[in-house]
A.B. asks: 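Shown below is the structure under consideration.
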Amino acid sequence: MSLNPPISNWPGQVVWLIGASSGIGEATAHALHAAGARVFVSARNAASLERFVRDHPGAVALPLDATDPAAVKAAAQTVQQAGALAVVMYCAGYYKPQRADSFDLPEMLKHQQINYLGALYMLDAMLPHLLAQGSGHISIVSSVAGYRGLPKGLAYGPTKAALINLAETLYVDLRASGVGVSLINPGFVATPATAQNDFEMPALITASQAADEILAGWRKGEFEIHFPKRFTRWMKTLRVLPYTAFFALTSRLVKNEAAAPTRKTP
Ligand SMILES: NC(=O)c1ccc[n+]([C@@H]2O[C@H](COP(=O)([O-])OP(=O)(O)OC[C@H]3O[C@@H](n4cnc5c(N)ncnc54)[C@H](OP(=O)(O)O)[C@@H]3O)[C@@H](O)[C@H]2O)c1
């Protein structure tokens, strides 16, 4: 049973992706443009967005900092003038490893601002429009790192857990309104964000494969779009482990990391 109205007929559909100057967001924008959608792309790097627009005729660049609510609102108004919105995807993200023994408040807050508050600014700007429209779809990119507390994830993990809870609650609240909600939980995807990793990332996929998974999830009307399954299913088993078993496993991971200190949270 589909939890959302399936979306597959893209020609002419208005889509807005925030966090589309690189990686998963850019690859998804590319796939949507290839499918015929009218693509609006946002992020801070205006030069990357302009390059995207040059390579994708008809696409529109709306550079912004997702932590600036006025900028998000102004861009939302431009998107809204383009007509009925099919999908808004919040993909902006930031990750720096952090542990409790090197607690860094500014970094904690930076993760909150980009990963979580930016999503709230998008909702503040888009929800009234979508509710008035009685259709459309909100997609929130979280991570399997939000399932449970993981080593080095002190700053990143809680923001992704918050996004999972936010998307679930949005789905519950919006179900009867005609507005769909999906939660995107990637495993490891090769992007600028993961390029700094110097260990072998399990089940690593390309950004273009991630985009294919996302479009397939929308087509099937899924609520949670998680991929690649060979990795995310394993992460889901962690989610249901009792704390004794879970902490035994994570302390083994920490010991392994002490031997190979570069492991990173997806
Ligand atoms: N790659 C993975 O393995 C993986 C796994 C799980 C989840 N994710 C999530 O997937 C999303 C995309 O990440 P990615 O891997 O594709 O990394 P990425 O290539 O670094 O993309 C991050 C995007 O977020 C944008 N962004 C960052 N701060 C922003 C801000 N303040 N305002 C507006 N845009 C901002 C970046 O653009 P600008 O720098 O131009 O602003 C960029 O377009 C993130 O939410 C990440 O947490 C990734």
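Because only heavy atoms are used, hydrogens play no part in the values below, and waters and symmetry mates are left out as well, while side chains stay in. Read the numbers this way: they start at 1 and go in the same order the structure lists the ligands and their atoms. The chain is numbered in sequence order, starting from 1. Please read these numbers as outputs of a predicted model, since none were measured by experiment.
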A.B. asks: Compute the shortest N/O to N/O distance between S143 and ligand 1 and return yes if it is under 3.5 Å, no if not.
C.D. replies: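 There is no such contact.
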A.B. asks: Can you name the atoms of ligand 1, numbered from 1 with element, that are less than 4.0 Å from a heavy atom of F188?
C.D. replies: 3 (O)
A.B. asks: Is R252 close enough and on-axis enough to F247, meaning under 6.0 Å and within 45°, for cation-pi?
C.D. replies: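 Verdict for F247: no cation-pi partner in R252.
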A.B. asks: Can you sort out which atoms of ligand 1 are near D65, meaning under 4.0 Å from one of its heavy atoms?
C.D. replies: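 Within the 4.0 Å cut-off of D65, ligand 1 contributes 30 (C), 31 (N), 32 (N).
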A.B. asks: Heavy-atom contacts under 4.0 Å between K160 and ligand 1: side chain, backbone, both, or neither?
C.D. replies: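 For K160, only side-chain atoms sit under 4.0 Å from ligand 1.
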A.B. asks: Sorted by first residue and then second, give each ring pair (Phe, Tyr, Trp, His ring centres under 6.0 Å) pair with at least one member in residues 43-62; sequence neighbours left out.
C.D. replies: H30-H56, H33-H56, F52-H56
A.B. asks: Tell me which part of A20 gets within contact of ligand 1: side chain, backbone, both or neither, using heavy atoms under 4.0 Å.
C.D. replies: backbone
A.B. asks: Quick one: do the S102 and R99 side chains pair a donor with an acceptor below 3.5 Å?
C.D. replies: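 No, because no side-chain N or O of S102 sits under 3.5 Å from a partner of the opposite role on R99.
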A.B. asks: I need the atoms of ligand 1 closer than 4.0 Å to a non-hydrogen atom of T194, numbered in the order shown.
C.D. replies: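 Here the atoms of ligand 1 in question are 1 (N), 2 (C), 3 (O).
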A.B. asks: Flag the pair E224 and K236 as a salt bridge only when some basic side-chain nitrogen lies within less than 4.0 angstrom of an acidic carboxylate oxygen.
C.D. replies: yes
A.B. asks: Against heavy atoms of A66, which atoms of ligand 1 measure under 4.0 Å?
C.D. replies: 30 (C), 31 (N), 32 (N), 33 (C)
A.B. asks: Would you mind telling me if ligand 1 is within reach of the side chain of I114, the backbone, both or neither, using heavy atoms under 4.0 Å?
C.D. replies: side chain
A.B. asks: Should the proximity of I24 to ligand 1, defined as any heavy atom under 4.0 Å, be assigned to the side chain, the backbone, both, or neither?
C.D. replies: both
A.B. asks: What residues form a side chain to side chain donor-acceptor pair (under 3.5 Å) with S42, not counting sequence neighbours?
C.D. replies: W16
